[in-house]
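Okay, structure first, notes after.
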Amino acid sequence: QPLRIGSAGISFASKNHPIERSPPVKTGSPFSVIVTAILLALSMLLVSACWQRGSKTPAEAKARLAAAVAARDPARLWKALDLATQWSWMTVLRAGRESYDITLSNVPEGQQRERMLRRFEPAATSENAAALFAKSLAADVWPALAAQLAAAGDRAPVVNAAGTEAEILWPAGRLLFRKASRLAFGWGFAGLADEAEALKRAAGADLEALRTNAADYERAAVRGLR
């Protein structure tokens, strides 16, 4: 769903349609678990490689955000994000792709199937997490971020005592930047982190439900053949 930013923060243009869940069952072989772990590790390495171009200081992270907003460039905004936000989007991408495949293979034809395919299609057709992020941005994100930067003015982000966060505060809002736990990853804009985390949780819940329902469909098909 497109991201939208309003006075109360960022929300989504449309509500999720929860998938009806049955009690969870274990699926997948040990081999598939190993493959999934390997793919996850490779994904993290890919993000790490991209993040080497990140910001060395909070002030640089703010400048990178400002340049992305001025250009209204989703690719530049992606590079301005903090690492945790990018990882959340990578999880959304992987979960959405698997959910799309499960839906194609297991969900009976009908309106529910078509609705679910439309829901997971953005992830299934995105080359990477950055592309999915770009698809998900609503047009009003840009003026909202521009307004926040204008309110922040020339003030530099103030780093907390732990050295992990930096922010610019004003009465109506703030700009937040975070530093990854690994020093090489640097600083990034964390203002979209909460919404990315919410999307990650929802995508994971959808995938879990689909895996369970896929097992139910398989058992029903077996019973039908007897």
Side-chain angles (χ1 to χ4, degrees), residues 2-11 40-94 126-200:
L3 296 175
R4 299 191 183 278
I5 302 180
S7 59
I10 301 171
S11 59
L40 177 61
L42 289 175
S43 298
M44 298 307 181
L45 288 175
L46 288 174
V47 174
S48 301
C50 293
W51 194 252
Q52 291 175 2
R53 298 171 293 182
S55 301
K56 297 180 180 179
T57 66
E60 184 180 328
K62 178 190 175 186
R64 174 171 286 192
L65 172 65
V69 172
R72 295 198 171 197
D73 186 339
R76 295 176 73 174
L77 180 58
W78 169 262
K79 293 177 182 178
L81 297 176
D82 70 311
L83 185 61
T85 303
Q86 290 190 352
W87 277 0
S88 290
W89 277 102
M90 290 184 69
T91 301
V92 172
L93 177 74
R94 290 194 303 272
S126 293
E127 180 180 0
N128 50 39
L132 178 60
F133 171 76
K135 287 180 181 178
S136 303
L137 286 174
D140 57 1
V141 166
W142 301 111
L145 288 176
Q148 292 178 3
L149 285 163
D154 295 331
R155 286 172 289 178
V158 177
V159 182
N160 65 2
T164 57
E165 291 188 354
E167 61 183 1
I168 302 173
L169 289 172
W170 63 94
R174 71 170 179 166
L175 285 177
L176 177 65
F177 303 88
R178 288 198 180 111
K179 186 178 184 181
S181 58
R182 300 181 185 180
L183 297 179
F185 294 151
W187 291 86
F189 175 58
L192 305 181
D194 290 345
E195 289 69 31
E197 175 68 20
L199 275 177
K200 180 182 76 173

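As the structure is a computational prediction, the values presented were derived from the model and not from experiment. Numbers here simply count residues along the sequence, with the first being 1.
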Contacts table for residues 161-171: side-chain donor-acceptor under 3.5 angstrom, sequence neighbours left out:
{"unit_1": "Thr164", "atom_1": "OG1", "unit_2": "Asn160", "atom_2": "ND2", "d": "3.3"}
{"unit_1": "Glu165", "atom_1": "OE2", "unit_2": "Arg178", "atom_2": "NE", "d": "2.8"}
{"unit_1": "Glu167", "atom_1": "OE1", "unit_2": "Arg174", "atom_2": "NH1", "d": "2.6"}

(request) Could you walk me through whether Trp187 and Val159 pass the side-chain contact (heavy atoms from CB on, under 4.5 Å) test, one step at a time? (result) CA-CA 11 Å; Trp187 291 86; Val159 182; 4.1 Å; yes

(request) Determine, step by step, whether Trp142 and Leu137 satisfy the side-chain contact (heavy atoms from CB on, under 4.5 Å) criterion, reporting the C-alpha distance in whole Å, the side-chain angles of both residues, the deciding distance to 0.1 Å, and the verdict. (result) CA-CA 9 Å; Trp142 301 111; Leu137 286 174; 4.0 Å; yes

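Between the Lys62 side chain and the Arg155 main chain, a donor and an acceptor come within less than 3.5 Å of each other.
Note on ring orientation: taking the six-membered ring where Trp is involved, the planes of Trp89 and Phe133 are perpendicular (angle over 60°, cut-offs 30° and 60°).
In this structure, Phe177 CZ and Thr57 OG1 are separated by 10.0 Å, a value rounded to the nearest 0.5 Å. The CG atom of Leu149 sits 4.5 Å away from atom CG of Leu65, with the distance rounded to the nearest 0.5 Å. Put simply, CG on Leu132 and CE on Met90 are 11.5 Å apart, with the number rounded to the nearest 0.5 Å. Considering CG of Leu83 and CD of Gln86, their distance stands at 6.0 Å, rounded to 0.5 Å. Taking CG from Leu199 and CG from Leu93, the interatomic distance works out to 12.0 Å, rounded to the nearest 0.5 Å. Rounding to the nearest 0.5 Å gives a distance of 13.5 Å between NZ of Lys179 and CG of Asp82.
Scanning for salt bridge (Lys or Arg N to Asp or Glu O under 4.0 Å) contacts around Arg76 gives an empty result, with sequence neighbours left out.
In this structure the side chain of Ser55 never reaches within 4.5 angstrom of the side chain of Lys79, judged on heavy atoms. Between Val141 and Leu192, every side-chain heavy-atom pair lies at or beyond the 4.5 Å cut-off.
Scanning all heavy atoms of the two residues, the minimum distance from Pro74 to Ala134 falls at CB-CB, 3.6 Å.
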